[in-house]
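Order of the sequence lines sets the chain letters (A, B, ...), proteins ahead of strands, with each chain counted from 1. The analysis underlying the following values was restricted to heavy atoms, covering all of them including side chains, and did not include hydrogens, waters or symmetry mates.
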Amino acid sequence: MDLPKRYDPAEAEPKWQKYWEENEVFSFDREDSQREVYSVDTPPPTVSGKMHLGHAFSYSQQDFMVRFHRMLGKNVFYPFGTDNNGVATERLIEKMKKVKAKKMGRSEFVKLCLETVKTELIPQYTSDMKRLGLSCDFSLFYDTIDEHSQKISQQSFIDLYKSGREYRKDAPTMWCPTCETGISQVECEDKELDSHFNDIVFKLIEDDGSETDVLIATTRPELLPACVAIFYHPDDTRYQKYNGKKAKVPLFNHEVVILPDKRADPEKGTGIVMCCTFGDQTDMEWQKAHDLPIKLAISADGKMTALAGKYEGMKISDARKAMIADMKETGLLVSQKPIKHAVNVHERCGTEVEFLKAKQWFIKYLDLKEEMIAWGKSLNWYPDHMRVRYDHWVNGLQWDWMISRQRYFGVPFPVWYCKECDEVIVADEKDLPVDPIKDKAPVDACPKCGSSEFVAEEDVMDTWATSSLTPQIAAGLVDHKGVYPMSLRPQAHDIITFWLFNTVVKSRLHNEVNPWKDVAISGHAQDPHGKKMSKSKGNVVEPQKMIAKYSSDALRFWAAGSKLGDDLPFQEKDLVTGAKFTTKLWNASKFCFMHLEDFDSSTVPKKLEIVDRWILSKLSRIIKDSTASFERYEYSKTKLDVEGFFWHDFCDDYLEIVKDRLYNPDRRGSDARLSGQYGLYHSLNAVLKMIAPIMPHISEEVYHLYYASQEEKKSIHISSWPSLDMPDEEAEKIGQVVIEAVEHARRAKSEKNVSLKTPIVQMFVKAKITPEEFDLVVDEIKAATKAEVIEFEQLGEESEASFGCEIEL
RNA sequence: GGGCCCGUAGUUCAGCGGCUAGAACGUCUCCCUUACAAGGAGAAGGUCACCGGUUCAAGUCCGGUCGGGCCCACCA
């Protein structure tokens with residue numbers, strides 16, 4: 001066989017990727033209703049330009065698992081989706097195209113988004129994923145903003161609305177007064193700002209009508225007009241006597257009640273705190289817990305409302321200054337301490353985030369906490385400890401699921417409101433997907449009041465409202481009963497509380513089943529020092545460059561180096577190791593095929609040599625262990641086992657010993673050669689197959705050089721997983737003596753600084769096997785050590801040493 | 001502040017109750033042996049973070065301390 005001297009991944013990898021696609025190697029068989037289906041809820045990456053290393057890491061890991069199941073003969077449903085929905089995409093497009101959504105106007109901006117997503121983002125992203133060697137069926141594609149997804153998302157909304165799970169009510173929303181837009185958590189960042197703790201005087205009204213001063217510390221005096229209550233910690237003896245009494249708010253003089261609440265921190269400020277509607281998160285919790293009135297001090301454009309009386313119309317910062325000045329004058333401000341504190345600001349403009357009242361849509365689910373815990377329990381978590389994060393999240397839930405966003409680019413709510421009575425008009429299901437801004441409501445008159453005027457809902461749904469439906473979206477691409485519920489949800493651990501949790505909720509609410517059987521949670525790729533990679537730190541590694549420099553197989557080999565769920569620091573040296581592994585595979589295969597040219601794979605030799613039985617016995621154990629590891633999604637264990645077996649047992653030991661028989665049938669006998677060929681054939685084949693899920697390209701390349709025609713398969717990835725079962729205790733015992741003798745010989749030569757081919761004049765071997773057994777392998781030892789004469793002595797069972805060796809060079 | 005994970009060789013990790021604690025990379029020495037110098041052979045290198053406990057026996061189980069990482073929350 002004439003083989004190229006070197007393997008060139010830069011040429012081979014794209015070649016096979018093209019081959020797989022053209023030959024539909026990873027196609028889901030829609031017609032097959034017999035074969036077990038293995039369906040995967042592939043995470044649709046949020047398209048942010050290019051694939052980053054974290055994606056390469058976790059998508060590689062899921063691909064290992066999927067490829068394994070495919071080789072078990074299952075009908076694999078492995079779609080590919082992208083998530084282009086919501087804030088992240090809006091911001092990316094604004095940056096890419098140098099536009100502002102607000103200035104551009106809604107319809108034009110949405111159009112630009114859709115176009116950019118389709119013609120630039122998705123193609124770039126998909127090609128990166130293909131280059132990584134992901135074995136998705138790319139013909140099963142969805143994007144969370146495409147019509148198919150919109151339809152399913154809107155259908156979900158309508159179903160939940162009709163079943164009474166959705167409601168609309170006023171709720172605080174995060175708002176940037178400068179940009180005049182609703183914003184989400186991901187758009188905020190912490191910023192250290194200088195501020196002041198102001199101790200101000202509230203007048204407590206005693207039972208007899210007299211007033212007592214109570215000092216309250218605040219950083220936000222401008223919210224005084226929205227003050228609705230005062231809280232102290234229930235254990236705080238200083239303030240217990242005020243329970244239920246009222247106090248007058250400085251400057252505004254409206255009366256608010258004083259109540260105990262354990263969220264008040266006795267250590268902070270004066271230990272007693274004012275609660276203003278929409279001051280911060282805790283304020284909102286208090287508002288909800290104590291059913292306090294909602295008061296708005298700040299309007300959408302960041303100015304004071306009418307509630308602020310004479311301060312109305314002032315900007316927040318001016319109002320703060322004015323009120324402080326006024327309180328100083330009237331003696332209501334006792335002291336001012338400068339502090340530094342972290343505040344939530346809008347990352348784009350640095351403005352402090354405010355909370356604003358707006359009508360929002362919610363999915364009601366707080367009543368389902370117990371069920372949610374049970375749903376989580378009935379999932380198979382890999383690794384198991386990730387389940388805890390889900391449980392803690394559910395236990396900590398305090399709000400229903402808010403699904404509306406004051407944004408442009410997202411799935412529209414299929415909803416209109418009656419202009420007269422605010423009645424909700426829901427789209428007709430047959431019209432989905434709809435855009436209420438463009439489309440007409442499905443009725444001519446309001447069923448409640450008869451009015452014929454409607455207003456469209458302009459909010460869009462939050463990303464998670466749609467991406468929590470990926471199992472249904474993906475399953476909807478084919479008409480096959482076996483696809484949903486799915487077999488596997490692979491994803492990273494950071495979004496257990498978002499994507500995973502929300503998907504469980506939706507699947508349960510709609511279909512009363514868990515969306516999948518197994519969840520496999522991967523960790524994060526980190527920089528070489530174990531830190532998170534981020535653009536601002538400048539420690540980002542581009543997977544595209546690594547693939548170009550080494551290979552996709554090498555990058556995947558690195559990704560297989562950590563246990564599922566563990567974070568893994570990126571080290572370029574690990575890619576060198578991966579690249580070396582492909583070279584070793586190539587070279588060893590070249591050697592094997594050279595000696596297998598005249599081998600008929602259907603042949604089973606009448607008698608197998610001890611050393612061949614030895615390697616096949618070891619191999620059997622590796623296959624058994626690796627299969628079990630893969631079934632538990634422990635691909636890193638498989639990788640480690642196969643790597644060690646291949647490099648050491650197979651290459652370093654077995655090939656060196658069997659070589660002589662393969663080259664010299666005249667001296668060693670043709671039966672002995674045939675036996676060696678048998679060992680070679682099955683060992684290498686199994687190694688290739690076991691490493692194929694991790695290194696799909698080199699294994700495919702090598703497989704096609706020889707095995708593909710023997711097994712009549714068009715790809716190693718749809719060949720059968722190895723199943724050899726030839727455990728052989730006797731051979732392992734005798735084989736071990738051979739290995740030890742060879743190792744002693746190597747050490748002796750190394751210590752003498754001579755070449756390994758230097759002959760050994762005489763060798764004495766002592767071992768706990770019989771002379772007859774030793775005779776079976778004496779020629780192997782001679783061949784591998786160049787020993788001319790070997791003397792053997794059997795060690796008795798009582799002997800302390802199990803092996804002894806003396807060598808005369 | 002809450003949660004989860006992790007502290008084993010210079011580095012990245014295996015080992016998770018029982019022989020002398022392993023691998024890869026790196027280092028050092030030697031060897032171009034007809035698959036492979038991106039190779040082969042050998043060697044050096046570890047009080048398994050610290051303290052206490054359970055056990056005949058502990059990197060391995062339990063408790064605590066310290067350190068690292070990530071996620072979530074909070075910041076009157």
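- Here the P atom of nucleotide rA41(B) and the CD1 atom of I657(A) are 12 Å apart, to the nearest Å.
- For D391(A) and K377(A), the salt-bridge test fails: no basic side-chain N is under 4.0 Å from an acidic carboxylate O.
- For F57(A) and F570(A), the gap between ring centers reaches or exceeds 6.0 Å.
- Across all strands, G644(A) comes closer than 4.0 Å to no nucleic acid atom at all (heavy-atom distances).
- For rA38(B), its base sits under 3.5 Å from the side chain of R6(A) at one donor and acceptor pair at least.
- rU34(B) atom P lies 13 Å from atom NZ of K590(A), rounded to whole Å.
- Salt-bridge check for D779(A) with R667(A): failed, with every basic side-chain N at 4.0 Å or more from each acidic carboxylate O.
- Residue K532(A) has a polar side-chain atom (N or O) positioned under 4.0 Å from OP1 or OP2 of rC71(B).
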For each nucleotide in nucleotides 23-29 of chain B, reading 5' to 3', give B when a protein heavy atom comes within less than 4.0 Å of its base, S when such contact involves only the sugar-phosphate, and - otherwise. SSS----
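- rC6(B) atom P lies 7 Å from atom CG of D566(A), rounded to whole Å.
- K532(A) and D567(A) are not joined by a salt bridge, as no carboxylate oxygen comes within less than 4.0 angstrom of a charged side-chain nitrogen.
- Counting non-hydrogen atoms under 4.0 angstrom, F197(A) reaches the backbone sugars and phosphates but no base.
- Between A264(A) and Q571(A), it is Q571(A) whose nearest contact on RNA chain B lies nearer the 5' terminus.
- Taking the charged nitrogens against the carboxylate oxygens, K618(A) and D653(A) have no contact shorter than 4.0 Å, which rules out a salt bridge.
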For E643(A) and K584(A), what are the C-alpha separation, side-chain angles and deciding distance, and is it a salt bridge (Lys or Arg N to Asp or Glu O under 4.0 Å)? CA-CA 11 Å; E643(A) 194 184 0; K584(A) 190 74 177 175; over 6 Å; no
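- The distance between atom CG of D283(A) and atom P of rA73(B), rounded to the nearest whole Å, is 17 Å.
- Taking CG of L705(A) as the reference point, atom CG of L596(A) lies at 12.0 Å (rounded to 0.5 Å).
- Set against rC70(B), rG69(B), rU12(B), the side chain of H493(A) has rC70(B) as its closest nucleotide.
- Glycosidic torsion of rG59(B) falls within 90° of 0, placing the base in syn.
- Here the two rings, on W558(A) and Y550(A), have centers that are 6.0 Å apart or farther.
- Rounded to an integer number of Å, the gap from CG of L397(A) to C1' of rG3(B) is 15 Å.
- On a pure distance criterion of 3.5 Å, a polar donor-acceptor pair joins the side chain of K584(A) and the base of rC36(B).
- Comparing the C1' positions of rG15(B) and rG59(B) gives a spacing of 9 Å, expressed to the nearest Å.
- Nucleotides rG42(B) and rU8(B) have their P atoms positioned 28 Å apart, rounded to a whole Å.
- Residue T219(A) places at least one side-chain N or O closer than 4.0 Å to OP1 or OP2 of rA76(B).
- With both ends at atom C1', the span from rU27(B) to rC70(B) equals 33 Å, rounded to whole Å.
- Close placement of the Y707(A) and F593(A) rings is indicated, their centers lying within 6.0 Å of each other.
- For the P atoms, the distance from rU34(B) to rG26(B) is 24 Å, rounded to whole Å.
- Rounded to whole angstrom, the span from the NZ atom of K752(A) across to the P atom of rG42(B) amounts to 16 Å.
- Across the C1' atoms, rC28(B) and rU60(B) are found 33 Å apart, a figure rounded to whole Å.
- Comparing rC13(B), rG3(B), rG42(B) by their closest approach to the side chain of V388(A) singles out rG3(B).
- The separation between H529(A) atom NE2 and rG67(B) atom C1' is 18 Å, rounded to whole Å.
- Residue contacts for K531(A): at a heavy-atom cut-off of 4.0 Å it reaches the sugar-phosphate backbone alone, with no base atom in range.
- Two rings, from Y681(A) and F599(A), have their centers less than 6.0 Å apart.
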Encoded 5' to 3' (Watson-Crick or G-U under 3.5 Å; [ ] crossing; | other strand), RNA chain B becomes ((((((((.[[[[.)..(...]]]].(((((.......))))).....[[[[[..)....]]]]])))))))....
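- Comparing the same atom, P, in rG3(B) and in rU12(B) gives a spacing of 28 Å after rounding to whole Å.
- Of the candidate nucleotides rU33(B), rA38(B), rC72(B), rU33(B) has the atom lying nearest to any side-chain atom of L756(A).
- Taking the C1' atoms as reference points, rU54(B) lies 11 Å from rG63(B), given to the whole Å.
- Between R747(A) and the phosphate of rA43(B), there is a side-chain N or O to OP1/OP2 separation shorter than 4.0 Å.
- Across all strands shown, C651(A) has heavy atoms under 4.0 Å from base atoms, whether or not it also approaches the sugar-phosphate.
- Rounded to whole Å, the distance from CG on N587(A) to C1' on rU34(B) is 13 Å.
- A salt bridge between E352(A) and R220(A) is absent, with no side-chain N of the basic residue lying under 4.0 Å from a carboxylate O of the acidic one.
- Between T583(A) and E743(A), the residue anchored closer to the 5' end of RNA chain B is T583(A), taking for each the nucleotide with the nearest heavy atom.
- Among the nucleotides rC70(B), rG3(B), rU33(B), the one closest to the side chain of H524(A) is rC70(B).
- Look at the P atom in both rU47(B) and rG2(B): the space between them is 35 Å, to the nearest Å.
- Comparing rG3(B), rC72(B), rA14(B) by their closest approach to the side chain of K563(A) singles out rA14(B).
- The pair R747(A)-E740(A) does not meet the salt-bridge criterion, since no charged nitrogen lies less than 4.0 angstrom from a carboxylate oxygen.
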